[in-house]
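Each chain gets a letter, A, B and so on, in the order its sequence line appears, and its residues count up from 1.
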Amino acid sequence: MKRTHNCSELTAKDIGKEVVLMGWVQRRRDHGGVIFVDLRDREGITQVVFNPKFNKETHEKAHVIRNEFVLAARGTVEPRPDGMVNPKMKTGEIDVMASELWIFNMSRTPPFVIEDNTQVSESLSLQYRYLDMRRPGLQTNLMLRHKAAAAIRSYLNNLGFIDIETPFLTRSTPEGARDYLVPSRVNPGQFYALPQSPQIFKQLLMLAGFEKYYQIVRCFRDEDLRADRQPEFTQLDMEMSFVTEEDVMAVTEEMLVAVFREVLGVELEHPFKRLTYDEATGRFGLDKPDLRFALELTDVSDIVGTSEFNAFADVVKAGGLVKALNAKGCIGFSRKEIDDLTALVAIYKAKGLAWIKVRPDAWQSPIAKFFSDSEKESLRQRLDMEPDDLVFFVADQPKVVNEALGQLRSHLAEKLKLIKEDTYDFVWVTQFPLVEYDEEGKRYIAMHHPFTAPLEEDLSRLSQDPLTVRSRAYDLVLNGIEIGGGSIRNHQRTVQERVFEALNIDRDTYEKKFGFLLEALDFGAPPHGGIALGFDRLVMLMAKQTSIRDVIAFPKTQKAACLLTEAPCEASATQLEDLSLRVRPTKK
RNA sequence: GGGGACGUAGUUCAGUUUGGUUAGAACGCCGGCCUGUCACGCCGGAGGUCGCGAGUUCGAGUCUCGUCGUCCCCGCCA
């Protein structure tokens, strides 16, 4: 017995053929006489009919069939009787009239119905992920993931990129996310780390002369999870020699255009938009702006900084900012709605949310009385305030103002349904600051990573005024979600050392931690740069999902557990002994 | 580390505000009937440690505290 067709391909043109189908029972309808079975495989569903008039013995056998049984049916493709065609099904013109039935396996009643439209708690679906993945939605997502990976590989292969694997058992890197550590049995007391990214290795591959490298590779970060963050995730990692930012961005962009065309049949608008980091945070508040809608932030510090309203004036005097967001036509927002928005900005550390409702005759606002007529006129002009508008203000340090209003902006867009669905809006954000100040550690840390090259024209300020130094780093943002980032790297030892020093890493330390890289740079390092794209996030957006768990076959829960295999779990005494490890009792 | 939501038949939920008789519905499941259904139909039935543990009370699904789990968010994620 050999399968002849899948469950989606038989149509009227196949009438009369003898076929063998194999698959799972989606649903059984037993009419006492005739029994209908919807047989499902990964391609689709075909109705198999067991009719006692046609084959009594097979019909008898079919009585035991239940949902999710796995079976094979041999039969003849027949047209449906008049008026019985099911236009909703691809195979709705035909039946397979069964002459023989093999039951490969029975099935327990599944804990949930295998259908897209049934809601199941995520813990249950993860515990039975193999059943969850029988549902068409996840099947489609994972097939789309495969197609995207295949399209990427084929595109990059054609451009001469070389796929090279890098190690998973690597040296722990001190900066950045927490590492997953792996104890070394043969080196008691010593540990490998799982890579957060193959960053250093891909740079070494450039030094080795491969010129164009890529890898679709698993990365590991021991940090808390989110809807778009898993402890192990997949990135498309690329690196190129003899390139500038423009080259890396062009290759990435053209690749994505090709992938979206091939996988989704979508023609992306390109070249992608560009914003510098300062423009992005200035106009949209965030370094990952969603440009599917307008709604920009406006700086009004100069107007209100000298006003009678101390809450604004004091902030401006202290070097802060006052920015505004004009919610056009939102004058109808209730007190509660405004309170909710105030609570929203409070999450991002804003101490308050001031507002003005523009009525045709006057402004309704707790703060309007503090402004002079000329200040009001300036605000009106700057913010294009028209009757029915509702304008929000946040005053604080720039980071807080931008973050809070940026989040408010996205929230309002969703609330007001300003977002054009079904669009893919890409934007490059360039010239990120090289470093930022870490309040907790009281020092400068690399915003991207310490191998990022500073902009040549800012290099002279590196030691005196590192915060003003822009870098040759770029992020790729899709619909407000960061899907990738990269940079041109330091290929000259002297520049790399200056960056380390700007980060307050002393010579002894960086020699010890990155000496191998610095030494490598001494041996003819070519200029190089690259990018890493979050493959899970990219596929998530292509599949129109909101969590990367929906495009990962076996994702972990928020506590980084696999509910199916019950990982992580305790190690046996023997394992610990082999590894020279002792586990401290967990503290209560 | 912090904030929030949720946890009740196999599943998805109602019931919790205001404690009170035997904890309900739909789907699923089991049995019977049914030869054209495709969310098949009709009849009947089984199925519950109300996440877990304390406490308050004459009495707790309902109130309190703790705990476990899942999700969303802040911190964190070079």
Taking the same atom, [atom1], in [N] and in [M], what whole-Å distance lies between them?
| N | M | atom1 | answer |
| --- | --- | --- | --- |
| B:U8 | B:G1 | C1' | 32 Å |
| B:G61 | B:U22 | C1' | 15 Å |
| B:U64 | B:C6 | P | 13 Å |
| B:C73 | B:G19 | C1' | 34 Å |
| B:U37 | B:G51 | C1' | 41 Å |
| B:G15 | B:G24 | C1' | 8 Å |
| B:G47 | B:A23 | P | 13 Å |
| B:U18 | B:A60 | C1' | 14 Å |

Heavy-atom donor-acceptor pair, [X] side-chain to [N] base, under 3.5 Å:
| X | N | result |
| --- | --- | --- |
| A:D38 | B:C38 | no |
| A:R221 | B:C77 | no |
| A:R226 | B:C71 | no |

Protein-nucleotides 9-16 of chain B N/O pairs closer than 3.5 Å?
| unit_1 | atom_1 | unit_2 | atom_2 | d |
| --- | --- | --- | --- | --- |
| B:G10 | O2' | A:P111 | O | 3.2 |
| B:U11 | O4' | A:P111 | O | 3.3 |
| B:U12 | OP1 | A:S121 | N | 2.6 |
| B:U12 | OP1 | A:S121 | OG | 3.4 |

Value in whole Å for how far the [atom2] atom of [N] lies from [atom1] of [X]:
| X | N | atom1 | atom2 | answer |
| --- | --- | --- | --- | --- |
| A:R229 | B:C71 | CZ | P | 14 Å |
| A:L225 | B:G75 | CG | C1' | 14 Å |
| A:M97 | B:G36 | CE | P | 12 Å |
| A:I45 | B:A39 | CD1 | P | 11 Å |
| A:K349 | B:C73 | NZ | P | 15 Å |
| A:D287 | B:C77 | CG | C1' | 13 Å |
| A:I114 | B:A39 | CD1 | P | 18 Å |
| A:Q558 | B:C76 | CD | C1' | 13 Å |

Under a 3.5 Å cut-off for both contacts, is [N] paired Watson-Crick or G-U wobble with anything, and if yes, with which nucleotide?
| N | result |
| --- | --- |
| B:C65 | B:G53 |
| B:C42 | B:G32 |
| B:U70 | B:A5 |
| B:G20 | B:C58 |

Is [X] touching bases, backbone alone, or none of the nucleic acid, heavy atoms closer than 4.0 Å?
| X | result |
| --- | --- |
| A:R549 | sugar-phosphate |
| A:S197 | base |
| A:L563 | sugar-phosphate |
| A:Y348 | sugar-phosphate |
| A:M447 | sugar-phosphate |

Q) Quick check: are there more than 12 heavy atoms from other residues, nucleotides or ligands sitting under 6.0 Å from CZ of A:R229? A) yes
Return no unless some side-chain N or O of [X] is found under 4.0 Å from OP1 or OP2 of [N].
| X | N | result |
| --- | --- | --- |
| A:K559 | B:G69 | yes |
| A:R28 | B:U37 | no |
| A:N67 | B:C29 | yes |
| A:R29 | B:U37 | no |
| A:T109 | B:C29 | no |
| A:R66 | B:C30 | yes |

Does [X] use its side chain to pair, donor to acceptor, with the backbone of [Y] at less than 3.5 Å?
| X | Y | value |
| --- | --- | --- |
| A:Q139 | A:M133 | yes |
| A:R218 | A:F168 | no |
| A:S487 | A:R489 | no |
| A:D179 | A:S172 | no |
| A:D14 | A:K17 | no |
| A:Q196 | A:C219 | no |

Q) When you match A:K88 and A:E78 each to their closest nucleotide on RNA chain B, which lands nearer the 5' end? A) A:E78
Q) Starting at the 5' end of RNA chain B, which residue's closest nucleotide do you reach first, A:K53 or A:E115? A) A:K53
Q: Under the side chain to side chain contact (heavy atoms under 4.5 Å, CB included) rule, what do A:M249 and A:T430 come out as? Steps first, then yes or no, please.
A: CA-CA 10 Å; A:M249 288 190 266; A:T430 62; 4.1 Å; yes
Which one, [options], comes nearest to the side chain of [X]?
| X | options | value |
| --- | --- | --- |
| A:S123 | B:U70, B:C38, B:C76 | B:U70 |
| A:Q47 | B:C38, B:C40, B:C71 | B:C38 |
| A:A227 | B:C72, B:U35, B:G75 | B:C72 |

Q. CZ/A:R507 to CG/A:L518 distance, rounded to the nearest 0.5 angstrom?
A. 9.0 Å
Q: Drop me the distance from A:E497's CD to A:N490's CG, to the nearest 0.5 angstrom.
A: 10.5 Å
Q: Evaluate whether the aromatic ring of A:H31 and the six-membered ring of the B:U37 base sit under 5.5 Å apart, centre to centre, with an inclination under 30°.
A: no
**Q.** A:F514 ring center within less than 6.0 Å of A:F451 ring center
**A.** yes
